[in-house]
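The structure appears below as structure tokens.
Numbers restart at 1 for each chain; the letters A, B, ... are given by sequence-line order, proteins then strands. What you see below is based on every heavy atom in this structure, not just the backbone, and it leaves out hydrogens, waters and symmetry mates.
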Protein chains: 2
Amino acid sequence: MASITDVAKHAGVSVTTVSKVINNYSDVSEKTRKKVNESIQLLRYEPNVVARGLVKRRSWTIGILLHNIMTNPFVSELMAGMQQSLSKSGYDLLHLTADFNDPEYSVVRHCSSRNVDGMVVFGVGRDNKIPLDLVKAELPTMFVDTDLIGRRAGYITADNRNGILMVVEHLYELGHRKIAFVSGFMGYVAGRTRFEGYQQGLKQFDLPYHSNYVEVCSFDSMGGYNAMQNLLKLPDPPTAVVCAADAIAIGVMNAISDAGLRVPTDISVVGFDNTAFASIVKPGLSTVNQNIFSIGERVVNQLIEMVENPDHSPPIVVEPVELILRESTCAPRSTTQ
Amino acid sequence: MASITDVAKHAGVSVTTVSKVINNYSDVSEKTRKKVNESIQLLRYEPNVVARGLVKRRSWTIGILLHNIMTNPFVSELMAGMQQSLSKSGYDLLHLTADFNDPEYSVVRHCSSRNVDGMVVFGVGRDNKIPLDLVKAELPTMFVDTDLIGRRAGYITADNRNGILMVVEHLYELGHRKIAFVSGFMGYVAGRTRFEGYQQGLKQFDLPYHSNYVEVCSFDSMGGYNAMQNLLKLPDPPTAVVCAADAIAIGVMNAISDAGLRVPTDISVVGFDNTAFASIVKPGLSTVNQNIFSIGERVVNQLIEMVENPDHSPPIVVEPVELILRESTCAPRSTTQ
DNA sequence: TTGTAAGCGTTATCAT
DNA sequence: ATGATAACGCTTACAA
């Protein structure tokens with residue numbers, strides 16, 4: 001591959017001049033500029049980003065740290081959104097390979113060793129050392145679904161609270177008064193804020209809060225299945241179940257059908273996430289759609305803004321969600337309690 | 001962040017000596033080595049990979065090019081596998097942001113600009129210019145599911161043919177003789193080889209090939225639905241349907257149930273991919289599992305081998321698959337034809 | 001408007 | 001065993 005020196009020689013000018021042409025400096029005559037550009041074309045020259053980065057102490061690289069890639073159904077959509085934003089920016093995405101179990105591992109050193117310009121962190125809890133290090137090092141960082149901020153760190157999350165609120169409202173309007181909530185563990189913001197949405201929803205419609213209408217289970221279909229079995233054992237079981245995730249809702253629906261009841265006529269069920277399952281399952285699962293693609297786009301836009309403008313204060317971004325109605329909800333059997 | 005010069009000063013030796021310590025050269029006395037290592041610890045020095053790359057013309061970076069991230073359910077699993085292998089290697093994964101529609105875009109220039117050491121390409125057909133450029137440039141490359149080879153390019157793919165063969169064998173042994181095949185478009189190796197497996201299976205068991213038992217549709221549940229509707233219209237419809245993808249199988253099952261028939265008692269259905277759908281759908285879908293995680297691991301191992309050893313000839317790797325039996329297959333209604 | 005020279009953080013070559 | 005010095009490909013004062 002041709003280097004800047006090759007171009008300079010070919011065009012009969014100095015390396016500096018070529019550099020100036022590449023970087024669109026104004027103090028180059030039209031004539032030389034043209035000559036240099038021709039040489040660039042001819043030699044198919046492409047500036048070496050690494051060398052450039054060495055002097056500028058940048059890399060035009062956004063680092064990303066992903067935890068539990070496999071179990072998170074959103075990575076690909078998030079990445080697609082990020083790509084979308086990156087494509088217009090000249091940045092590439094550097095997937096940092098970190099051994100989360102190695103106590104010696106330091107993201108900050110890793111980043112500095114590669115001149116990473118900014119970081120996106122997804123799926124790492126705020127209890128973990130990594131996010132805290134990043135915040136402390138004041139490396140421009142955007143967290144996804146982790147409510148952590150710092151001088152150069154912000155975060156983005158879907159509007160979980162409002163999503164569940166919309167669900168409760170929908171069920172209330174259908175006539176439901178006995179509304180249960182099945183949550184995943186609440187170690188992450190997503191879990192906590194969804195639960196808050198449920199509580200707020202009850203309050204808003206003057207419904208009493210019963211702790212036995214709340215089940216906490218693992219974030220999967222098995223968890224939902226067991227949780228629903230518990231709810232069915234209740235003397236006065238709910239007529240509607242709000243789930244903190246589609247995966248949970250799948251298990252809930254199975255438990256209902258295995259108990260000889262039907263969704264939605266006997267019990268209404270709503271999920272969260274609008275994963276592919278939701279549209280494939282029968283009956284189609286009503287759920288809350290998070291626009292992860294958009295989150296991906298925005299996280300990158302914000303991060304690049306932060307990187308390129310040191311005065312840009314790190315944002316807290318809340319991405320709106322939308323209620324997707326399918327066939328898993330209807331009015332309860334008897335509206336009269 | 002401390003640089004090698006800082007360490008040298010702190011330890012009272014030359015930069016060269018520090019470099020020798022870092023790179024484990026033998027011509028350093030134990031005494032100086034110890035002294036230098038202490039300074040390194042103290043200053044929390046981490047060698048700058050970018051600067052090192054500039055002189056070594058490497059980057060300890062594997063580039064990856066992903067097409068249609070969103071529609072491919074395997075990206076996250078593939079990436080997880082890749083991470084697994086990368087974690088022991090010192091390489092990071094550089095996600096190249098490419099505008100596939102830009103005719104000016106050149107992967108090769110992109111890679112050389114970033115000193116990318118090797119490339120993994122996934123989801124890009126062999127008709128596309130990008131893989132061909134890579135092969136021609138003799139940049140170490142591994143294609144996933146694209147049967148393209150070159151002096152420095154190999155590929156890896158699941159054993160699609162054998163997977164379908166196992167399916168046909170399974171159905172044959174259950175007593176099925178009227179076995180249909182619903183394929184996605186055959187632009188990709190995966191599609192073609194699966195079809196070949198079907199043909200080979202029929203041949204192996206002396207079953208006649210009927211072209212009206214073969215439906216080609218889009219690679220989704222809609223496509224499968226339409227295809228199955230066509231098959232049901234046949235004067236002598238199949239008793240078993242082999243699908244080239246789980247997504248297709250979902251549609252096939254829906255069409256069967258909408259026609260008032262039942263899976264598997266009336267018609268057996270088998271998918272391919274063992275996506276999460278397969279275990280969630282009712283009845284559970286028998287399918288073929290591809291170990292994408294392992295493919296991810298192996299693709300990286302091979303690539304790094306190629307990068308670090310110029311004489312390593314590019315491999316063609318075929319990853320074994322396994323038949324997963326659930327509830328969507330059983331013996332046909334009447335074994336007598 | 002153009003070019004010289006120093007420097008970014010390393011490694012490699014070659015003296016000492 | 002140790003260290004000067006040049007080089008990797010680029011940007012940037014500063015001089016001309």
Side-chain angles (χ1 to χ4, degrees), chain A residues 1-37 39-40 43-61 90 108-117 308, chain B residues 1-37 39-40 43-61 90 92 109-117 308:
Chain A
M1 196 70 171
S3 79
I4 197 173
T5 320
D6 300 325
V7 175
K9 277 186 189 141
H10 184 273
V13 298
S14 74
V15 167
T16 308
T17 304
V18 177
S19 174
K20 283 177 175 168
V21 171
I22 297 167
N23 296 290
N24 275 314
Y25 278 53
S26 55
D27 59 347
V28 182
S29 74
E30 261 322 305
K31 206 174 125 223
T32 15
R33 186 183 302 276
K34 196 167 160 243
K35 196 168 51 178
V36 169
N37 275 326
S39 300
I40 288 176
L43 301 177
R44 315 217 78 218
Y45 167 70
E46 184 84 26
N48 186 300
V49 178
V50 172
R52 178 180 286 172
L54 186 58
V55 25
K56 302 266 251 179
R57 294 146 165 289
R58 316 231 301 84
S59 62
W60 290 271
T61 265
V108 177
R109 296 236 295 282
H110 194 167
C111 288
S112 105
S113 150
R114 286 200 178 270
N115 292 174
V116 166
D117 297 328
E308 302 192 338
Chain B
M1 195 71 172
S3 78
I4 197 173
T5 319
D6 301 325
V7 176
K9 275 184 192 141
H10 185 273
V13 298
S14 74
V15 167
T16 308
T17 303
V18 177
S19 174
K20 282 176 178 171
V21 171
I22 297 168
N23 296 290
N24 274 315
Y25 278 52
S26 55
D27 57 348
V28 182
S29 73
E30 261 320 305
K31 203 175 124 226
T32 22
R33 186 183 302 275
K34 193 162 160 251
K35 196 169 51 180
V36 169
N37 275 325
S39 300
I40 288 177
L43 301 177
R44 314 217 80 218
Y45 166 70
E46 183 85 25
N48 186 299
V49 177
V50 172
R52 179 181 285 172
L54 185 59
V55 22
K56 301 267 249 180
R57 294 145 165 290
R58 317 231 301 82
S59 63
W60 291 272
T61 264
D92 280 321
R109 295 236 296 280
H110 194 167
C111 288
S112 104
S113 149
R114 286 201 179 267
N115 294 173
V116 167
D117 297 328
E308 301 193 338

Quiz item: Is a side-chain donor-acceptor pair under 3.5 Å present for B/Ser19 with B/Thr16?
Solution: no

Taken to the nearest whole Å, NZ/B/Lys9 to C1'/D/dG3 is 16 Å

For A/Val116 and A/Ser59, the nearest pair of non-hydrogen atoms, with its separation, is CA-OG, 3.6 Å

- request: Please report the C-alpha distance between A/Lys35 and A/Val13 in whole Å, then the side-chain angles of each, then the deciding distance to 0.1 Å, and finally whether the side chain to side chain contact (heavy atoms under 4.5 Å, CB included) criterion is met.
  value: CA-CA 9 Å; A/Lys35 196 168 51 178; A/Val13 298; 4.1 Å; yes

What one should report as the nearest heavy-atom pair of B/Val49 and B/Trp60 is CG1-CE3, 4.0 Å

The contact string for nucleotides 7-16 of chain C, one letter per nucleotide 5' to 3', using protein heavy atoms under 4.0 Å with B, S and - for base, sugar-phosphate only and none, comes out as BBBBBBB---

Exam field: side chain B/Asn23 to backbone B/Lys20, donor-acceptor pair closer than 3.5 Å: no

Checking B/Arg52 against B/Arg58 for the side chain to side chain contact (heavy atoms under 4.5 Å, CB included) test, could you report, in this order, the C-alpha distance in whole Å, the side-chain angles of both residues, the deciding distance, and whether it holds?
CA-CA 8 Å; B/Arg52 179 181 285 172; B/Arg58 317 231 301 82; over 6 Å; no

The helix from C/dT1-D/dA16 to C/dT16-D/dA1: angle between terminal helix axes, five bp per end, to the nearest 10 degrees, reads 50°

Original post:
Should B/Thr17 be listed as having a side-chain N or O under 4.0 Å from OP1 or OP2 of D/dA1?
Top reply: no

note: B/Glu30, atom CD; D/dA1, atom C1'; distance rounded to Å ~ 12 Å

What one should report as the nearest heavy-atom pair of B/Val15 and B/Ala8 is N-CB, 3.7 Å

Between B/Asn24 and B/Arg33, the two heavy atoms sitting closest are OD1-NH1, 4.0 Å

